[in-house]
Amino acid sequence: MITTLIYSLTGLILFGMGFFTLIIHSHPLRKILAVNVMSTGVFLILVATAYIPLGEGEIDPVPHAMVLTGIVVSVSVTALALILACRIQETSNSSLPGKRQQGEVPEESIR
Amino acid sequence: MSRTGKDHKQLDGFQRMLLLLVICMVMLLGYIIWSTPGNKPVLTDAVAQMQEQSGVESPVTAVLLNFRGYDTLLEVMVLLLAVIGTWSLTEAFFPEQVSEISPVQMGVVRLLAPVMCLVAAYLVWQGSHLAGGAFQGGAIFGAAGVLMLVTELPGLRTIPVPPLRLGLVLGPLLFTGIALFCLFITGDLLGYPEGAGGWLILLIETGCAVSIGLTLASLFAGGRPDNEFQGKNSPVSRTVSGDRS
Amino acid sequence: MSYFIFTIFDIVLVLSMVWIAWHLLGTEDIFKAVVLFISFGLLMALAWVRMRAPDVALAEAALGAGLTGPLFLSALRRMNRTRKGERRLDSDETR
């Protein structure tokens with residue numbers, strides 16, 4: 001019971017952190033990272049709810065299957081979002097909006 | 001100082017309000033989680049009862065490909081749609097000048113790529129009775145593709161497109177075909193006939209693993225293969241178009 | 001006794017996950033954020049094993065850590081290239 005609670009609350013904290021970052025940051029890569037962290041938090045809550053300690057019975061496999069589906073879909077969504085972000089930057093003339101005000105480091109030190 | 005957490009940096013009033021709202025939401029959700037009763041209704045027994053009929057021993061695989069097979073069918077379609085979206089957006093991204101591949105890197109790829117394919121096949125086969133399955137195997141297979149893409153093997157640039165496309169739709173086509181076949185035989189979409197469930201699931205998993213691996217590698221390549229539109233040998237025409245820019 | 005040890009393991013794992021998530025969301029350097037995200041995915045795989053979900057752990061280790069990270073890195077490289085003015089010539093734009 002305590003384990004379920006610990007991991008559920010962690011998932012919730014991750015969700016909240018990701019959600020806040022998603023709103024306040026404007027760099028697309030940062031937003032996609034935040035969405036990934038959010039989805040991880042949701043998966044953690046889902047799997048933690050199904051958790052039963054060892055020796056007290058079998059685990060419910062349905063949430064696991066759902067999370068498995070969710071992970072694969074989130075990876076493909078991430079890939080598509082990244083390509084979209086790249087295309088937006090390639091086709092727009094100016095650099096990304098809000099870059100300077102978020103204090104992003106200049107391009108030399110990113111890579 | 002690169003250590004700028006969210007609160008270390010100066011937030012303006014609007015962002016402070018947002019932070020407050022998010023904290024309120026998290027606390028509300030936390031209360032809901034806290035007050036959820038401990039003994040939840042679970043489907044463990046329902047799955048365990050039907051386990052023998054499903055044809056596989058692993059409960060997760062049984063749920064994924066038998067009891068909730070419709071979910072997985074649509075998920076494979078989502079993956080295919082992601083590739084279609086990527087291919088319609090842009091071309092694959094290859095560096096302009098081909099650099100020499102270092103022998104160490106080449107040796108690593110030669111050593112690792114076949115082993116990864118073997119591990120992928122093992123994971124797919126293992127999925128029927130232990131942890132593993134089409135997605136894990138497909139992911140390893142895709143990682144082998146990513147490894148080759150990172151090494152920038154010259155052969156990948158001129159990879160023939162029709163077989164690639166065929167591989168991408170192999171899983172979805174096989175899955176849909178078996179679903180329709182079951183519809184004709186048993187009258188249910190994805191209702192496998194008695195006793196044949198194990199073999200059909202293994203067949204679907206193999207096809208899906210190949211498709212998922214190719215899908216992930218194509219997503220990493222980030223676009224359609226570029227020799228598709230330029231007709232013939234792409235490196236030559238690429239350098240020409242590069243000069244024009 | 002073993003219950004106690006497991007709870008301590010849970011707390012350490014959870015704290016490190018939250019710490020890494022905090023840094024990956026807060027750091028200014030996106031490259032660093034992506035690398036932290038990969039390690040975050042590996043810790044998540046550990047958490048899935050602790051949750052008795054080996055299937056999910058395998059998928060997370062292969063997909064969440066192994067493939068999402070390189071996806072981000074290649075997107076980052078591509079964006080940096082574009083920003084430096086090496087605009088790629090697309091077949092759509094030439095026509």
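Below, chains carry the letters A, B, ... as their sequence lines are ordered, and counting in each starts from 1.
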### Message
Under 4.5 Å from any heavy atom of chain A, what part of L13(C) do you find: side chain, backbone, both or neither?
### Response
side chain
### Residue M51(C) versus chain A: region with a heavy atom under 4.5 Å
both
### Task
To the nearest 0.5 Å, tell me how far L25(C) CG sits from F20(A) CZ.
11.0 Å
### Message
A side-chain contact here means heavy atoms from C-beta on lying under 4.5 Å apart; do E90(A) and R78(C) qualify?
### Response
yes
### Summary
Looking only at heavy atoms, the pair that brings E28(C) and R30(A) closest together is O-NH2, 3.7 Å
### Message
Under 4.5 Å from any heavy atom of chain A, what part of F72(C) do you find: side chain, backbone, both or neither?
### Response
both
### Message
Counting heavy-atom pairs closer than 4.5 Å to chain C, which one of L14(A), V47(A), L68(A), I32(A) comes out on top?
### Response
V47(A)
### Summary
chain C shares the most heavy-atom pairs under 4.5 Å, among I13(A), L9(A), I6(A), T3(A), with T3(A)
### Query
When rounded to the nearest 0.5 angstrom, what is the spacing between CZ in R77(C) and SG in C86(A)?
11.0 Å
### Option in T78(A), L33(A), T10(A) with maximal non-hydrogen atom pairs under 4.5 Å from chain C
L33(A)
### Query
Got a sec: does the CZ of F37(C) have more than 12 other heavy atoms crowding it under 6.0 Å?
yes
### Query
In terms of heavy-atom pairs under 4.5 Å, which option from I2(A), V67(A), I83(A), N36(A) contacts chain C the most?
N36(A)
### Part of P53(A) within contact of chain C (heavy atom distance under 4.5 Å)
backbone
### Query
Hey, which residues of residues 37-44 of chain A are touching chain C, say heavy atoms under 4.5 Å apart?
V37(A), T40(A), F43(A), L44(A)
### Query
Quick one: does R52(C)'s side chain have a donor or acceptor within less than 3.5 Å of a partner on I52(A)'s backbone?
yes
### Task
Indicate the atoms forming the closest heavy-atom contact of P28(A) with M79(C), along with that distance.
CG-CE, 4.2 Å
#### Entry: Between CD1 on residue I71(A) and CG on residue L67(C), distance to nearest 0.5 Å
12.5 Å
### Query
If you measure from OG on S76(A) to CG on L63(C), what distance do you get to the nearest 0.5 Å?
9.5 Å
